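Each ligand, and each atom within it, is numbered from 1 in the order the structure gives. By convention here, the first residue in the shown sequence is residue 1. Predicted model, so just to flag it, every value in this text is computed and none were measured. Excluded from the calculations below are hydrogen atoms, water molecules and symmetry mates; all remaining heavy atoms, backbone and side chain alike, are included.
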Amino acid sequence: MHDADSLAAVLRYHERTKHQFHRYARSAGKLDWVNQPNPFRRYEGAPLTELPILGADEEPLSPRYGDLYRHKAVPSAPLTVRSLSRLFEYALALSAWKLSDGTRWALRSNPSSGNLHPTEGYLLIGALTGLADAPGLYHYAPREHCLERRASGSADWFAQLMRAFPAQAFLVGLSSIHWREAWKYGERAFRYCQHDVGHAVGTLRIAAATLGWSAVVMHGLADEVIEDLLGLNRSEDFAGAEHEEPELVMLVWPSYSAGQWRGGAPRALPLVLDQLLAHELAKQSWHGTANRLSRDDPLTWTVIDEVALASRKPISERYGMDLIDAPASAHETAAAPDGPSAGGIIRQRRSLLACDGRTSITVERFYGMLARVMPRVEREANRRTMPWDAMAWEPRIHLALFVHRVDGLEPGLYVLARDPAKVDKLKRAMRKRFEWSTPPACPADLPLRVLEVGDARKLATQVSCYQDIAGDGVFSLGMVAEYRDALFTHGPWFYRLLFWEAGVIGQVLYLEAEAAGIAATGIGCFFDDPVHQVFGFDDLEFQSLYHFTVGGPVRDNRLTTLAPYGVQVR
Ligand SMILES: Cc1cc2nc3c(=O)[nH]c(=O)nc-3n(C[C@H](O)[C@H](O)[C@H](O)COP(=O)(O)O)c2cc1C
């Protein structure tokens, strides 16, 4: 049984933070620039290890973008400080500095609502040459591309903690500083923090794939365990500093083969850690104190504190992930030998600020992009395609699309069921008058349906808080969650996971757009219930959690772009 009060609190938060045509979700109403939170957390006094700043032509070299999606096409890189540096570069590092009118701001590999970057990254890893001769917990400092050593553990302890995993496996943790988003967006900020975590799961999983590595969210872990492991409950280290909320821990490993496990490879990977062992780290000596991010204390947003508490995972559960090493599947087409490099696509990713209202893509490209967001739960192979193998839960998010400029496809409303078994469920919940026909030349295994043809540009713009980018592009979409079922089946903690899944979809589409020579933007600002009305969702069975647009970008030539780490290496 789930805690009914927590579930009610989550449902209440979601309703309360909907944007309506006549009323936006509550926020401070004006920006308090003096208290704008510092986007860079540091632990003052913690020993620092600089990660090497690697040029695009330095080892480890990037594979072709298309190879990321081909099973075993990327050989597993050895675990070294250089490969770790690449992992963090592609996942959480700065990707550029922008300059305009004397103001400078940093952009990162992971996108973030309002570029406010509430997500912090941590690393728990064994002894590694160039890093330390004992296992340790580190905080990742993106401005410096450094690791700050927060705590050390013994080799025995780490071996015990990680005994169920491959020899070189390590953990990456994520937390959120709600205040960074709440400073600008008020009550709706908790949602944006969760989207951003989802994008970071995407960047981490994809960064791991560039190294031939695997990664999975350990969604069996209770939040208390994550807090212990990342040291987020060390009140003495956070005195006067803004709180960090535990989000998740990902297991990352350089590849798996039977020989890397003691006693041979298990058939399933546990997605939990031993709570008592995790707690052992809390008893070690710790370094550093968290910096304060704003001059004044953060404004209190009670509903954010409530939903954060209500959506915590209260106990660890023994979820597992299948490890059957299946052969490559028919869906994995050969990458073009001259296709773009994955690293190049990752580094160049930028949110579009305006669409040109002209650019179109071919229908084949469109279907190809949609195929990439399909989790492809291949029942006989028991393996999902990257990056969907990072989330070992049943996919719960589907796409409600506004198609504007796809050559060979009529403009209009479409739906993509990311789980083919859910087409009927969507059909029952959506407008009765919708067509439900299969669009021309649509691949048989892509559950895309035409709902209604017609010009949806104005509608898309209207429901996305009147943002032109939703109507002027190639297509935009709402990510529609099986909201009620997911929350009632799993519990209120699953609220966060729905946003994470949506964030990963967004990350895949960002890169797909870049690879197609266009661009994309996440859209957190949309009118919730008006979107539901467009598609005919009239209760809580489905809820749209995130919008997204893809189109031909209009570049802003007033902005100067500078290299992320001072030297023009990228
Ligand atoms: C969850 C999320 C919501 C966003 N919402 C909007 C939005 O409503 N409108 C918009 O123009 N950009 C939106 N963005 C784009 C961000 O402003 C952008 O990611 C940020 O400025 C950083 O720039 P970059 O993506 O080029 O690194 C959103 C991004 C994310 C990740």
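For the pair R188 and E181, the salt-bridge criterion is not met [side-chain N within less than 4.0 Å of a carboxylate O]. Salt bridge absent: R431 and E452 never bring a charged side-chain N and a carboxylate O closer than 4.0 Å. For the pair R365 and E512, the salt-bridge criterion is not met [side-chain N within less than 4.0 Å of a carboxylate O]. Look at R457 and D472 and you find no salt bridge, because none of the NZ, NE, NH1 or NH2 atoms lies under 4.0 Å from a carboxylate O. Taking a cutoff of 4.0 Å between a charged side-chain nitrogen and a carboxylate oxygen, D419 and R396 do not qualify as a salt bridge. Salt bridge present: E89 and R86 bring a charged side-chain N and a carboxylate O closer than 4.0 Å.
In this structure, R349 has a heavy atom closer than 4.0 Å to ligand 1. Distances from ligand 1 to the non-hydrogen atoms of F526 include no value under 4.0 Å.
Among protein heavy atoms, the minimum distance from atom 5 (N) of ligand 1 is reached at G524 N, 2.9 Å. Nearest non-hydrogen protein atom to atom 23 (O) of ligand 1 is L107 CD2, 3.6 Å. The nearest heavy-atom contact from the protein to atom 20 (C) of ligand 1 is S112 O, 3.2 Å. G114 N, 3.7 Å is the protein heavy atom nearest to atom 17 (O) of ligand 1. Protein heavy atom at the shortest distance from atom 4 (C) of ligand 1 is G522 O, 3.2 Å. In this structure, atom 11 (O) of ligand 1 lies nearest to the protein heavy atom Q467 OE1, 3.5 Å. Protein heavy atom in closest approach to atom 22 (C) of ligand 1: N115 OD1, 3.5 Å. Closest to atom 12 (N) of ligand 1 among all protein heavy atoms lies T521 CG2, 3.3 Å.
For a threshold of 3.5 Å applied to N or O pairs, the pair formed by D196 and ligand 1 contains no separation below that value. Taking any N or O of Y546, backbone or side chain, none lies under 3.5 Å from an N or O belonging to ligand 1.
In summary, the atoms of ligand 1 found under 4.0 Å from a heavy atom of H199, numbered by their order in the structure, are 31 (C). In the vicinity of C525, heavy-atom distances shorter than 4.0 Å reach the ligand 1 atoms 8 (O). The ligand atoms of ligand 1 that sit less than 4.0 angstrom from a heavy atom of R350 are 24 (P), 26 (O), 27 (O). Every atom of ligand 1 with a heavy atom of I523 under 4.0 Å away is listed here by number and element: 5 (N), 6 (C), 7 (C), 8 (O). Proximity to I469 (heavy-atom distance under 4.0 Å) selects the following atoms of ligand 1: 11 (O).
Contacts between L353 and ligand 1, counted as non-hydrogen atom pairs separated by less than 4.0 Å, are absent for every part of the residue. Contacts between H195 and ligand 1 below 4.0 angstrom, taking non-hydrogen atoms only, involve the side chain exclusively.
Ring centroids of H178 and F190 are separated by less than 6.0 Å, placing the two rings close together.
A cation-pi geometry, defined here as NZ or CZ lying under 6.0 Å from the six-membered ring centre and within 45° of its normal, holds between R372 and Y69. Cation-pi geometry between K313 and W493 is met: under 6.0 angstrom from the ring centre, within 45 degrees of the axis.
Taking the six-membered ring where tryptophan is involved, the planes of H547 and F526 are essentially parallel, since the angle between them stays under 30° and well short of 60°. Relative ring orientation between W393 and W500 is described as tilted, the plane-to-plane angle lying within the 30° to 60° band. Using bins of under 30°, 30° to 60° and over 60° for the plane-to-plane angle, the ring pair H19/F527 lands in the perpendicular bin.
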